[in-house]
Structure formats: C-alpha cells, structure tokens
Amino acid sequence: MSRLNEVKQRNTFEARYEKLYTLGKGNFGKVYLAEDRKSGQQYAVKVVDKKLFKSGDQKQHAQREQMICETFASGLNHKHIAQVHEVLTENDSIYVVMEYVEGGELFDKIKQSKGLAEPTARRWFRELIEAVEYIHDHNIVHRDLKPENVLIDKTQSIKLCDFGFGNVVREQHEVLSTYCGSPFYAAPEMVTATPYRGPPVDLWSCGVILYAMLTGSLPFQGDEMPQLFQKISRGQYTIPSYVTRDASDLIQRLLCRDASERITAKDCLLHPWLMPPTMTRCSLFTSSQLTLSSRLTNFSNRKKVGVFSEGSSLSMTTLHESTAKATSLHTTVCSTLTSEKKLMRTSRFFKRIFKKKSQVAPLMDHHDEKRLIKSRFIGRFKGFFKSSFQKRIT
Ligand code: ATP
Ligand code: MG
C-alpha cells in the first residue's frame, strides 16, 4: 500500500471514531453517539449518506449543510449552538462531528410536561434567540427551527442544531425562494410561496416555538395541508388566557404576518418579557438607563398587526397609536378602569410618586410618556389586569 493510501486510511472516520449507538434518524442518514478512539472523547456524529440524494435539490441541501458546518468548524462558535468539531467527507458519506448534547430535545421536554413553566420557557427562549441573533449576524439563516432541532445540555441550557436547511445569505436583505422546513413552523411567506427574506422566517418559527413552550400545543394545526396553510397565511390562531400579557405580546410580534413588520432577533432580546426583571422595572428612573428607556420607546413604536381569532377578526393596536385607540384598548384591557380620566389620574399618581419626570422627558413625546407610565402601572398590577386582557385576545 502506498504511503498516501496508508495516511488516508488512518484518517477515515471509521479509523478515528467508534460508533456507539444511534441518537436520531433523519431523511438522509443518522446521528450517532461516537467516541474518538484516541482521546475517548464522545461526540454526536451526523452521517449523511450521499447515495440517498435523488434530486439536485437534495444534493444542494447536503452541500449547504456541509458548508455551514464547515463554517462553524472553522471559527464560528456560540454557547447556544452545538459546536461542530470537524467535517469529514468520504466517497459515500459526509460526517459532521459535533459536540454531544446530552439532555435530549426541547420537543420531549414540552411533550413531557405539556408546556413549560414560564421562567424555564423565558430562559430557554432567550438562549434560543441569542443563538438566532448570532447566526443572523453572520448572515446564516436556519429555516428549520423547531423544538426537535433545539437540544438541552447537561447544564440545562439550550443548543441549536441541524443546519440541514440552513443557507448563507450574501446580505441580510437577500431574497430566497427555497420553501423548506416543517409546515407547522413555516411562515406565511413560505407557505404562500412568496420570495422571502431569511431572518424573518426564522423569527416566525421562533414564535411557534414560544407558543408551544408556553401552551404545549401548536398555534396552527390542520388535518390537511391546505387547511393548515390557510390558517398560517391568514395568521389565524388564538392564545390561551393563561399566557401572560408580555408573553402574548411577544408571540404576536413574532407571529406577525407581514415579514417586514415582524420583530427581529435583536429587538426580541429587548422585549419586556425577555429582559431581566430589574431592567424592566427600573429603566425609567435612573439616568444610566435612559438609553435603554429610549430603546424601549422605539421598540414599542413598532406596529403590532392584527391577530385573527377563529372566525372573527380582532384588531389589536399599539397602545399609543392614537389617544383614542389607546384609551379604547386600555378600556378593554382593564375592565375596572373605564375612562380616560382614570388613566390620566393614574399617570399623575405615578408622576407624583417617582418625581423624576424631568430626567425622562426629553426622550419622549406626550403619548410615549403616557404609554410608559401606563405600562408601568399595568405591569405592577399585572395579575389584576391579566385575566380581562387575556379574555380579549383569545
Ligand atoms: P435533516 O432534517 O437534515 O434530515 P435531521 O433532522 O435528520 O436532519 P438532526 O436534526 O441534525 O438531523 O439530528 C437528528 C436528531 O439527532 C436530533 O433531533 C437530536 O435528537 C439528535 N442530535 C443531533 N445532533 C445532536 C447532538 N449534537 N447531540 C445530541 N443529539 C443530537
Ligand atoms: Mg432535525
């Protein structure tokens, strides 16, 4: 045997790793737990069988996954993404050697407990969005975000995996036209076969994941595909009344039919539901947090679009779109506070309590200020208002 062949044989996957058992099975191969024969280190190895590719599309699918995994292996690294150790290509197979994530799939956690407790959901969802923000910042889109592709490690943190439908976009606004991923998590622009931008499609899927985390069910369901696609394209879903106000607000911003209005990963991390409690509670009143207040104000300026409950349409507007609308929404939210007068009284009451209005004033116009004071008020009496608000949106 020539020296070159000898070296090649020593470097084959089988020579270097021992497969222990199967962790998961996919369309184009299996994921195994494997052990490095030299170091004894355990890895998860995705073995993609090239012989199973029947069409050009399938070949492209594997090439993309290989390219993204190689990109990760050669330097991209995030604490909430399963780290790729190396990618080996042989005649019939591609081996993606990854960090082994021991705790199983988010899917099973949701299924076991029929939904997660809110603090767990919040922590895992924040970690997921951090991972999504990281890939989007590196012009990578996942396009198959679902609880089966989100793993839990032994420290109870999440690790995103499976870049099989991933793609590298040249820039954030590049338009894509491959329709892929699981139909239950697919965005309206995907199911209506409209050319789409990658990042918003991932954020929609995150909205479905968040809904699943909090309710243990999927927002869009249907026995037949056309029925399911119709519900998705119409944005036809309801949020159960026990989901808290901030969490339902975030779900609505993620499950926003208009991709250009859909919340981004960056803005998502600034959403009140995901911010550490100290930041949301104190942001108005310390000078070091004025920047944060202004960012929150900008964030709240983003338009919230209509949410349709089955059969009838229910229009939701941002609280400060106009005084009239704000007042009417406030009225629906707080059945006990029915007039604009009461709202103004509340706002004066809080101004008096905090007496720091002048610090904040330059950043806000009249409506913003009213809205912030109001949201602070509502936040403090969340439990009290929650039930009537939730009844409105379900
Ligand atoms: P494709 O959609 O490209 O066919 P797939 O869904 O078959 O991919 P993955 O999602 O990458 O492949 O892996 C399948 C399953 O294997 C996962 O859902 C998970 O249970 C398990 N798995 C994948 N990667 C790891 C890992 N790094 N550590 C532990 N288990 C893993
Ligand atoms: Mg998968």
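Each ligand, and each atom within it, is numbered from 1 in the order the structure gives. None of these values were measured; they are calculated from a predicted model.
- Looking only at heavy atoms of the protein, atom 20 (O) of ligand 1 is closest to Glu105 OE2, 2.5 Å.
- With respect to the salt-bridge test (charged N to carboxylate O, under 4.0 angstrom), the residues Arg245 and Asp249 do not qualify.
- Atom 7 (O) of ligand 1 has its closest protein heavy atom at Gly26 CA, 2.6 Å.
- Of the protein's non-hydrogen atoms, Val101 O, 3.2 Å is the one closest to atom 29 (C) of ligand 1.
- Note that OG1 of Thr120 is 10.5 Å distant from CG of Leu214, once rounded to the nearest 0.5 Å.
- Within the 4.0 Å heavy-atom criterion, the part of Asn149 lying near ligand 1 is the side chain and not the backbone.
- For the residue pair Thr244 / Asp246, no side-chain donor-acceptor distance below 3.5 Å is found, with atom types taken as modelled.
- Side-chain atoms of Trp273 and Leu210, non-hydrogen and from C-beta on, do get closer than 4.5 Å to each other.
- Under a 4.0 Å criterion applied to the non-hydrogen atoms of Ala44, ligand 1 contributes the atoms 25 (C), 26 (C), 27 (N), 28 (N).
- Counting only heavy atoms of the protein, atom 27 (N) of ligand 1 lies nearest to Glu99 O, 2.8 Å.
- To the nearest 0.5 Å, atoms CD (Glu118) and CG (Leu116) are separated by 11.0 Å.
- Look at Glu14 and Lys19 and you find a salt bridge, because one of the NZ, NE, NH1 or NH2 atoms lies within 4.0 Å of a carboxylate O, short of that distance.
- With a cut-off of 2.8 Å, the Mg ion (ligand 2) has an N, O or S atom of Asp162 in range.
- When ring centroids are compared, Tyr17 and Tyr95 stay outside the 6.0 Å threshold.
- Considering only non-hydrogen atoms, atom 10 (O) of ligand 1 lies nearest to Asp162 out of Asp162, Val150, Val97.
- Every N/O-N/O distance between Tyr100 and ligand 1 stays at or above 3.5 Å.
- Distances from atom 25 (C) of ligand 1 to the heavy atoms of Thr22, Leu23, Leu151 put Leu151 nearest.
- The pair Arg126-Glu130 does not count as a salt bridge, with every side-chain nitrogen at least 4.0 angstrom from each carboxylate oxygen.
- Nearest to atom 24 (N) of ligand 1 among the protein's heavy atoms is Met98 CE, 3.6 Å.
- Looking at ligand 1, you won't find any N or O of Val31 less than 3.5 Å from one of its N or O atoms.
- Ion pair Lys146/Asp162 not flagged as a salt bridge, since none of the NZ, NE, NH1 or NH2 atoms sits closer than 4.0 Å to an Asp/Glu carboxylate oxygen.
- Ring pair Trp204/Phe220 is parallel by interplanar angle, where below 30° counts as parallel and above 60° as perpendicular.
- Ligand-side atoms of ligand 1 in range of Lys46: 1 (P), 3 (O), 5 (P), 8 (O), 9 (P), 11 (O), 12 (O), range being under 4.0 angstrom from any heavy atom.
- Of the protein's non-hydrogen atoms, Asn27 N, 3.3 Å is the one closest to atom 4 (O) of ligand 1.
- Interface of Gly24 with ligand 1, defined as ligand atoms under 4.0 Å from a residue heavy atom, comprises 15 (C), 16 (O).
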